[in-house]
There are 2 protein chains.
Amino acid sequence: MPDSHPNPPRFREIADALRREIHSGVLASGDRIPSEYQLVTRFSTTRSTVRKAVALLRAEGLVVSHQGKGAFVRTRPRVRLLSAGSRHRQHRDSGAPNYNAEVEAQGRHAAQQLREVAEVAAPDEIAARLEIAPGTPVIVRRRRFTVDDEPMQLADGYYTTAIALGTPIAEPRRVKGGVHAVLEDPQGPIRRRVARFVEDLDIRMPTPAESELLAVPPGVPVARILRTAYDTDGAALEVLDSLVPCDRHIFRYVIDVPACS
Amino acid sequence: MPDSHPNPPRFREIADALRREIHSGVLASGDRIPSEYQLVTRFSTTRSTVRKAVALLRAEGLVVSHQGKGAFVRTRPRVRLLSAGSRHRQHRDSGAPNYNAEVEAQGRHAAQQLREVAEVAAPDEIAARLEIAPGTPVIVRRRRFTVDDEPMQLADGYYTTAIALGTPIAEPRRVKGGVHAVLEDPQGPIRRRVARFVEDLDIRMPTPAESELLAVPPGVPVARILRTAYDTDGAALEVLDSLVPCDRHIFRYVIDVPACS
DNA sequence: GAGTGGTCTAGACCACCAC
DNA sequence: TGGTGGTCTAGACCACTCT
């Protein structure tokens, strides 16, 4: 006797019921949700229907499932990513200013790997921001940040050859004091002051390749951040192209309003 | 003769093939992708398998499907949301500084509706930022922003009664010149200067209720932004709680680095 | 080996759309 | 009316995990 599917469809009702239990705390972070067969009997339906309900929750980032073990309510330990001009110099000893310091301040262990230093043709978006022609050779430093051994961020720094060649920035090893220290070193060859950052955030779902690199479960968006650093004359010094999983971060921006109109 | 499913599963291969066609331009923005039955014959599989492949693309935000019509490659017309302290005063005549001005500058029509002005008990997150006890009565102004009649943002502004009562902020109508003008009006009762904003972005998948309010298709993340405005003494003046669909916006932050260390 | 989630087939009915 | 996507059932085999 198929009384058919009224509004809302069955799988949605099941997902709603589970979502309520998660938000109300009946199912806490890390708990295993009932197995598919348990849900089949509880809601008296078939397995594909409960699977569709669980898939919805997975797409919302509320649960993760592991073959052979079960489906679990996600935990979201998060790191705050802070962008604040006024604190930039205090923390610039890491390659990505603020990042390491922020993480350590939250009692966790931050690390970064230098994946590659190379000379490449500038991609369009990078070239536009560095104010050079697309395809011009540029230096790229590709890094990967981890927190407690979990991948947290991919960050590629781009520099014009005019700035980077002949400096530690173009060398395939870590830069003592960080790249910004080299840019600003009053005794160094560059001697420019970072006066402004412009950050563009594009938030979307990851491609399969990206979700593998960052080990993000399905249903978790990523932020693609293009941060351009300018000197006091308004010339672009660096473009940082980074990719961060949104479930592992909270973004915080501090914006000071000048007194003059 | 079931030769079973090798690595990668069938539905993933199908999704990959379609994704390549979308990214390579074979299927352009707005194009209809092949119907499910066409895909069934093309990949010689069953309908549920191709449906699962299309569901993946939908979850990635690459396609939207309409019952009875087909599935289409998504178009993403976007508005830039700019947060820059230095331009704040130039644009503050709208309720949400910068927003209207930014949109109009991009040649589109921005509008806002005042959904409600009410006195409510302060939610925890709001209370913490306003530096008052949770549950204390506060004034909330709930607004909805549209661009070319499409919902683009929900923005609820919270104010302490100490600040708002007896001012236009607590009145259920639009505030001439915007709320910030009232806060800063040198002839008005408040006379505080907005000196700093702190924005916290939490990016996640929407709840079903939220996706309905904002008319976001599945597979599109939302940003929940809590922006606190502080005066020159560091006292909180306003907390703006907003929700924006990420596929309709690009976020831009301009951060000025002070000269002194 | 029992239990779990992952994938797939085969077929059905429904709701919506365009002709 | 025929085509489209949306939902559901019933049953199968696989891969993984735990005991």
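- Residues of residues 26-44 of chain A that place a heavy atom closer than 4.0 Å to DNA chain D do not occur.
- Residues A:Glu60 and B:Arg204 are not paired through a salt bridge, judged by the lack of any N-O separation under 4.0 Å between the basic side chain and the carboxylate.
- Here B:Thr46 does not reach the OP1 or OP2 of C:dG11: none of its side-chain N or O atoms lies under 4.0 Å away.
- Considering only side-chain atoms of B:Ser48, the nucleotide from D:dC8, C:dT9, C:dA12 that sits closest is C:dT9.
- Counting non-hydrogen atoms under 4.0 angstrom, B:Arg58 reaches the backbone sugars and phosphates but no base.
- Ion pairing between A:Arg224 and A:Glu125 holds under the 4.0 Å rule for side-chain N and carboxylate O.
- Look at B:Asp200 and B:Arg129 and you find a salt bridge, because one of the NZ, NE, NH1 or NH2 atoms lies within 4.0 Å of a carboxylate O, short of that distance.
- Comparing D:dG6, C:dC8, D:dT9 against the side chain of B:Arg10 picks out C:dC8 as the nearest.
- Each of A:Gln67 and B:Arg51 lies near DNA chain D, and the nucleotide nearest B:Arg51 is the one positioned closer to the 5' end.
- Not a single donor-acceptor pair under 3.5 Å links the side chain of A:Arg143 to the backbone N or O of A:Gln153.
- Distance from the side chain of B:Pro9 is smallest to C:dC8 among C:dC8, D:dC8, C:dG6.
- Closest to the side chain of B:Lys69, from the set D:dT7, D:dT9, C:dC17, is C:dC17.
- Rounding to whole angstrom units, CZ of residue A:Phe11 and C1' of D:dT9 are separated by 16 Å.
- For the 3.5 Å distance criterion, the side chains of A:Arg58 and A:Ser65 qualify, holding a donor opposite an acceptor.
- Note on B:Arg173 versus B:Glu116: no salt bridge recorded, every NZ/NE/NH1/NH2 to OD/OE distance being 4.0 Å or above.
- For the pair B:Thr49 and C:dT9, the criterion of a side-chain N or O lying under 4.0 Å from OP1 or OP2 is met.
- Between the side chain of B:Arg47 and the base of D:dG6, a donor-acceptor pair under 3.5 Å is found.
- With a 3.5 Å ceiling on both atom-pair distances, C:dC19 lacks any Watson-Crick or G-U wobble partner.
- Taking atom CD of residue B:Glu13 and atom C1' of nucleotide C:dG6, one finds them 15 Å apart after rounding to whole Å.
- Phosphate proximity of D:dG6 to B:Ser65: present, with a side-chain N or O under 4.0 Å from OP1 or OP2.
- The aromatic rings of A:Tyr253 and B:Tyr253 lie parallel to each other, with less than 30° between the two planes, well short of the 60° mark.
- Residue B:Lys52 contributes atom NZ, which lies 16 Å from atom P of D:dG6 at whole-angstrom precision.
- Taking only side-chain nitrogens and oxygens, B:Thr45 never comes nearer than 4.0 Å to OP1 or OP2 of C:dC8.
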